[in-house]
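Encoded as structure tokens, the structure appears first; notes follow it.
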Amino acid sequence: MSEEKKSLNFIEQIIEDDLANGVKKENLRFRFPPEPNGYLHIGHTKAIGISFGLGEKYNAPVNLRFDDTNPAKEEQEYVDAIKEDVAWLGYKWENECYSSDYFQQLYDWAIQLIKDGKAYVDSQSSEEMAKQKGTPTTVGVASPYRDRSVEDNLDLFTKMKNGEFEEGSHVLRAKIDMSSPNMLLRDPLMYRILKKSHHRTGNDWVIYPMYDWTHGESDYIEQISHSLCSLEFKPHRDLYNWFRDNVYVYSKENYPLAPKQREFSRLNLSYTIMSKRKLLRLVEEGIVSGWDDPRMPTISGLRRRGYTPAAIRNFIETVGVSKRENIIDVALLEFKIREDLNKKANRVMGVLNPVKLVITNYPENKEEILIAENNPELEEAGSREVPFSGELYIEREDFKEEANRKYFRLTIGKEVRLKNGYIIKGESCSKDEEGNITEIHCTYDPLSKSGSGTEESKRKVKGTLHWVSIKHAVEAEVRVYDRLFSDEAPDAHKDKDYMSFINPNSLKIIKAFVEPSLGKAKVGERFQFQRLGYFNVDRDTNSEKLIFNKIVGLRDTWTKKSK
RNA sequence: AAACCUGUAGUGUAAUGGUUAGCAUACAAGACUUUGACUCUUGUGGUAUAGGUUCAAAUCCUAUCAGGUUUACCA
């Protein structure tokens, strides 16, 4: 067996060090903790891939936990969508958890902190508190309520919980350090009053715990060993530890293991945005058709576009884990889907920009069945039958009356092969009054049929064209996508709104003709349209209309060069 | 400005003080080709800057520069 040394990323290194320093392998436990306030996007896939990937690597459980502490933003719809997306990516979670399941435990711990003089009720407005908080360079000042008695705090907090106060009138704060250089330690809020119905707890609670108070303690309750999150939470780590260490002394019998938080850089993709809030705006303003619009960087959008879980997971694997800011070239994502589909997708023929081709010496009314290989990369994919006749569609770009030697396609007097069929020779063409070509005439070599074994069939011609027989063709709608934004980093400009970079031509709807075998194609099925790209059957397809999404084009060195 | 974090080919990442700084992608050239695809071969291109420690520095130290994060009753 070849011992290939695989380098560890910095998180794996931390875990290996912990293991070496006494952490037991069976106590390794991870979690992916989305807030159900939107759809997951490709950026989340990195976080998912890291935690679930570690779970697979160390054979450790990974929880899916919904961080649902803000009923104003969260909905069941999002919970369902997130579960679907994570499952589709192929990850299995150990437990489905909700922070809201821990509200009572959190409340009990809060009471203990109050009793120990470590938390107090503040009755000022948020503006007043913000003013007292100071700035990173100037220390904060204490709230006039900071030294309330334990009895008063207990009484007020109980009344908060019982709904006796209005929203905004009181909050519970941790008593830490108003002069800390870390702003998060300047007596952070633990609870606020929110008289809103929660998608799971209904109206049971009118006080809701804040992120910092909830998140770390949820990790602790679930006995997560390594709580992995993105870099913007780095300053929260001190607070994470403060809450954890204070609660630990109350509950170490029940919860003996203390989790640790570590941070990695989030993923950014070129030519798109990665913020739920900003993506929501695209949906709400009708720029896209929904969260799963095939142009969206959401997992559901990529799924509908035709991306495979394998391609996305390979992408994440290749991207790696570090603490550097990054913008990953979307070309890498495109490479990964091509790489995957090149192995898996059957080859078919479809013409997106048709022009009529007539084979003048082909017997009138004759039809033939040609045999076409489904996938040269995959022998067991077998072959299929494709009907052929004397009247075909080919791509308009595949014919020029005359062209230089670099043009491998059909011209007057030159030969090309029709894929899986015959060698033809351009003879003439007819045009309308504006000079547009309406019909191309050619002759064919009857002995040159593909696979016939004749001398003529083995002749080499430089170009090969895809085609469909007009008589047998199936009409289809093809949705061709371009990037949603014209700028590489649309939301990285201080002086310009990302909406100003919207690409107005990100969707083109085309009437195309495809080979008849595709009449049976099922929703979601993926194909390579030879010489064009990869396509899948959109779920809008019905018995009257066949609809394809263009997933990605083939690598194209020709049009690039000829530009 | 303060504190903290981060700087390795265009992009992403590896090298855990010790070969000529590796890999992927992108780009370019060529071979092959019944897909101008795939595959294969080759090439261009990099340690932010300046000092220091050391037999030896991408790696350790210092300074500088650049970028990021934090100053929500969001997460």
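Chain A is the first sequence line, chain B the second, and so forth, proteins listed ahead of strands; every chain is numbered from 1.
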Collect all protein-nucleotide pairs involving nucleotides 15-19 of chain B in which both atoms are nitrogen or oxygen and the distance is under 3.5 Å.
from    : atom 1 : to     : atom 2 : distance (Å)
rU16(B) : N3     : Q13(A) : NE2    : 2.6
rU16(B) : O4     : Q13(A) : NE2    : 3.0

Heavy atoms under 4.0 Å, any strand shown: does [X] hit a base, just sugar-phosphate, or nothing?
X       : answer
V171(A) : base
H236(A) : base
G451(A) : base
N326(A) : sugar-phosphate
V461(A) : nothing
T69(A)  : sugar-phosphate
I328(A) : sugar-phosphate
Y191(A) : nothing

For [X] and [N], give me the distance from atom [atom1] to atom [atom2], rounded to whole Å.
X       : N       : atom1 : atom2 : answer
E317(A) : rC23(B) : CD    : P     : 18 Å
N268(A) : rU6(B)  : CG    : P     : 18 Å
K234(A) : rU71(B) : NZ    : C1'   : 17 Å
I394(A) : rU34(B) : CD1   : P     : 20 Å
E232(A) : rA72(B) : CD    : P     : 16 Å
E325(A) : rG67(B) : CD    : C1'   : 7 Å
E75(A)  : rC74(B) : CD    : P     : 17 Å
K161(A) : rC73(B) : NZ    : C1'   : 20 Å

Side-chain donor-acceptor contact under 3.5 Å, [X] with [Y]:
X       : Y       : value
R266(A) : H44(A)  : no
S123(A) : H170(A) : yes
E166(A) : S169(A) : no
E368(A) : Y422(A) : yes
S179(A) : D177(A) : yes
N420(A) : S450(A) : no
E77(A)  : Y39(A)  : yes
Y393(A) : W467(A) : no
S448(A) : R417(A) : no
Q124(A) : S143(A) : yes
R31(A)  : S227(A) : yes

Take T137(A) and H170(A), find for each the nucleotide of RNA chain B with the closest heavy atom, and name the residue whose nucleotide sits nearer the 5' end. T137(A)
By nearest-heavy-atom nucleotide on RNA chain B, the more 5' of F10(A) and D212(A) is F10(A)
Options [options], nucleotide nearest the side-chain atoms of [X]:
X       : options                   : result
R417(A) : rU34(B), rG68(B), rU11(B) : rU34(B)
P181(A) : rA3(B), rG12(B), rA75(B)  : rA3(B)
K460(A) : rG68(B), rA2(B), rU34(B)  : rU34(B)
L189(A) : rC73(B), rG12(B), rC5(B)  : rC73(B)

[N] phosphate, OP1 or OP2, under 4.0 Å from [X] side-chain N/O:
X       : N       : result
R192(A) : rC74(B) : yes
T135(A) : rA2(B)  : no
S322(A) : rU13(B) : yes

Inter-nucleotide [atom1] distance ([N], [M]), Å rounded:
N       : M       : atom1 : value
rA15(B) : rU47(B) : C1'   : 11 Å
rC27(B) : rA37(B) : P     : 12 Å
rC60(B) : rG17(B) : P     : 9 Å
rA24(B) : rG43(B) : P     : 13 Å
rA57(B) : rU62(B) : C1'   : 15 Å
rU25(B) : rC40(B) : P     : 9 Å
rG7(B)  : rU59(B) : P     : 12 Å
rG45(B) : rA21(B) : C1'   : 13 Å

Sub-6.0 Å ring centroid separation between F529(A) and F548(A):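 Under 6.0 Å, so yes.
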Tell me, for nucleotides 35-45 of chain B in 5' to 3' order, what letter each nucleotide earns: B for a base near a protein heavy atom under 4.0 Å, S for only sugar-phosphate near one, - for neither? BBSS-------
Counting runs of three or more consecutive pairs, Watson-Crick or G-U wobble, with each distance below 3.5 Å, where are the stems of RNA chain B?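 Listed by first number, the stems are B:2-7 with B:65-70, B:10-13 with B:22-25, B:27-31 with B:39-43, B:48-52 with B:60-64.
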Would you say E16(A) and L8(A) make side-chain contact, with heavy atoms under 4.5 Å?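 E16(A) reaches L8(A) side chain to side chain.
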Geometric class of the Y208(A)/H198(A) ring pair [parallel <30°, tilted 30-60°, perpendicular >60°]: parallel
Quick check: closest heavy atoms across P259(A) and G216(A), and the distance to 0.1 Å? CG-O, 4.4 Å
